[in-house]
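Working notes, beginning with the structure itself.
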Amino acid sequence: MSWLPPDDDLEDGFEGFDENSFRTRPNPKANRPRTKRRPAHDDAQIGRVLGVDRGRYSVMMDEHTADERAITTTRARELRRTPIVTGDQARVVGDVSGAEGTLARIVGIVERTSLLRRSADDTDLVERVIVANADQMLIVVAAADPEPRARLVDRYLVAALDAGIRPLLVVTKTDLADPTAFLSHFDGLDLRVFTSANDQMPLDEIGAALIGHSTVFVGHSGVGKSTLVNALVPSAQRATGHVNQVTGRGRHTSSSTVSLRYEGVGGTGWVIDTPGVRSFGLGHVDPANILASFTELAGIAENCPRGCTHLTDAPDCALIEAAAEGRLNDAERSRLDSLQRMLQTFADKADASTGSSSGR
Ligand code: GDP
Ligand code: ZN
């Protein structure tokens with residue numbers, strides 16, 4: 001793979017490149033085993049990467065034992081081009097006691113069960129790795145302020161399903177607006193939705209869903225994600241509210257991705273909090289996987305002609321016919337519109353990269 005500069009040289013921050021940005025174009029050579037023999041590191045211990053800060057990795061060793069501790073590590077030189085992110089299971093050597101003045105280093109990463117990525121926009125081939133090994137994504141939206149955007153949620157859903165991660169949805173600020181109309185967009189989906197009742201978040205139910213899982217929290221900034229994280233993990237002290245105009249502090253303290261332990265009744269789970277983002281680019285997702293994420297529409301599309309684009313001008317598209325013949329309900333029509341807009345951005349991208357102007 002061709003990489004951007006090593007992330008040691010890069011600033012922390014979601015909008016920056018701390019998440020080990022790299023290019024998505026697969027390079028077959030990159031997967032070939034290296035001929036050079038590497039040290040065996042048989043003595044390596046496995047720890048969980050909690051966070052990354054300027055080239056230093058906070059790693060939890062001996063998780064769930066009396067010796068559990070977070071240590072600071074560096075990364076071995078040979079891993080300079082390997083993205084190591086929150087949630088990774090790192091192989092650590094050296095003095096892993098965490099005692100003052102000791103040094104440990106990461107020499108490898110255990111194969112990941114999932115990898116959540118995003119790009120700045122759909123045309124951007126540079127992707128940011130957000131979290132490794134998460135099995136749930138909790139999407140936070142506000143009923144108002146900021147207005148909920150179904151199409152942004154659809155993007156999160158595509159990213160989650162593409163990565164093999166189960167999505168959950170939380171609606172905050174229901175004291176400000178009724179989210180029923182917004183939520184009807186997702187009626188046909190197998191999506192667990194939590195809404196606050198009487199201005200009170202159902203923390204017990206959300207917490208129960210976190211136990212035994214590694215859940216990445218995503219959302220547009222201002223939706224109340226930090227407020228929710230702090231309520232679930234009181235020690236988190238994630239900064240809330242707006243940037244202090246004088247000091248500029250506030251947002252910055254939550255500009256990197258961190259792992260926090262949820263301690264619930266009957267078990268624990270991992271909350272991985274990510275900085276709020278305005279957009280969630282899917283440049284890394286195979287367009288063929290987008291339709292598959294629209295699970296309630298994918299079945300209908302099986303009757304589409306071969307190679308159907310499902311775009312608004314697609315001839316004999318089964319989805320368009322179903323809509324025209326009144327066979328889609330309101331939610332499905334709304335999702336079809338969202339799907340077509342998303343597919344259109346990919347079609348535009350393909351046109352741009354091939355120089356074609358056929359509009360197909
Ligand atoms: P984040 O950017 O998503 O982390 O959002 P914050 O947690 O910082 O919250 C943004 C603002 O929304 C803060 O002023 C919160 O006090 C406010 N807020 C959070 N949850 C609620 C809610 O349920 N209702 C209302 N009205 N305001 C909320
Ligand atoms: Zn079609």
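Computed from a predicted structure; not experimentally measured. Every number for a ligand or one of its atoms is a count from 1 in the order of the listing. Just so it is clear, the values below take in all heavy atoms, side chains as well, and ignore hydrogens, waters and symmetry mates.
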Partner of D337 under side chain to side chain donor-acceptor pair (under 3.5 Å), picked from R333, R335, Q340, R341, is R341
Problem set entry | Under 3.5 Å: donor-acceptor pair, side chain of Q136, backbone of A209 | yes
Run the numbers for me: atoms of ligand 1, each under 4.0 Å from some heavy atom of [X], listed by number.
X    : value
D175 : 22 (C), 23 (O), 24 (N), 25 (C), 26 (N)
S221 : 2 (O)
T227 : 6 (P), 7 (O), 9 (O), 15 (C), 19 (C)

Is there a heavy atom in G222 that sits closer than 4.0 Å to ligand 1?
-> yes
Practice prompt. Run the numbers on T174 and S196 for side chain to side chain donor-acceptor pair (under 3.5 Å), then give the verdict.
Written response: CA-CA 6 Å; T174 47; S196 49; 2.2 Å; yes
A142 and T172 have their tightest heavy-atom pair at CA-OG1, 3.3 Å
Here the vertex angle at the Zn ion (ligand 2) for ND1 of H310 and SG of C304, given to 10°, is 100°
Heavy-atom neighbours of R151 CZ exceed 12 at 6.0 Å: no
*asked:* For E111, I'd like to know if atom CD has over 12 heavy atoms of other residues, nucleotides or ligands within 6.0 Å.
replied: no
Say whether K173, considering both its backbone and side-chain N or O atoms, lies within less than 3.5 Å of an N or O atom on ligand 1. yes
Quick look: L176 vs ligand 1, heavy-atom contacts under 4.0 Å, and the answer is side chain
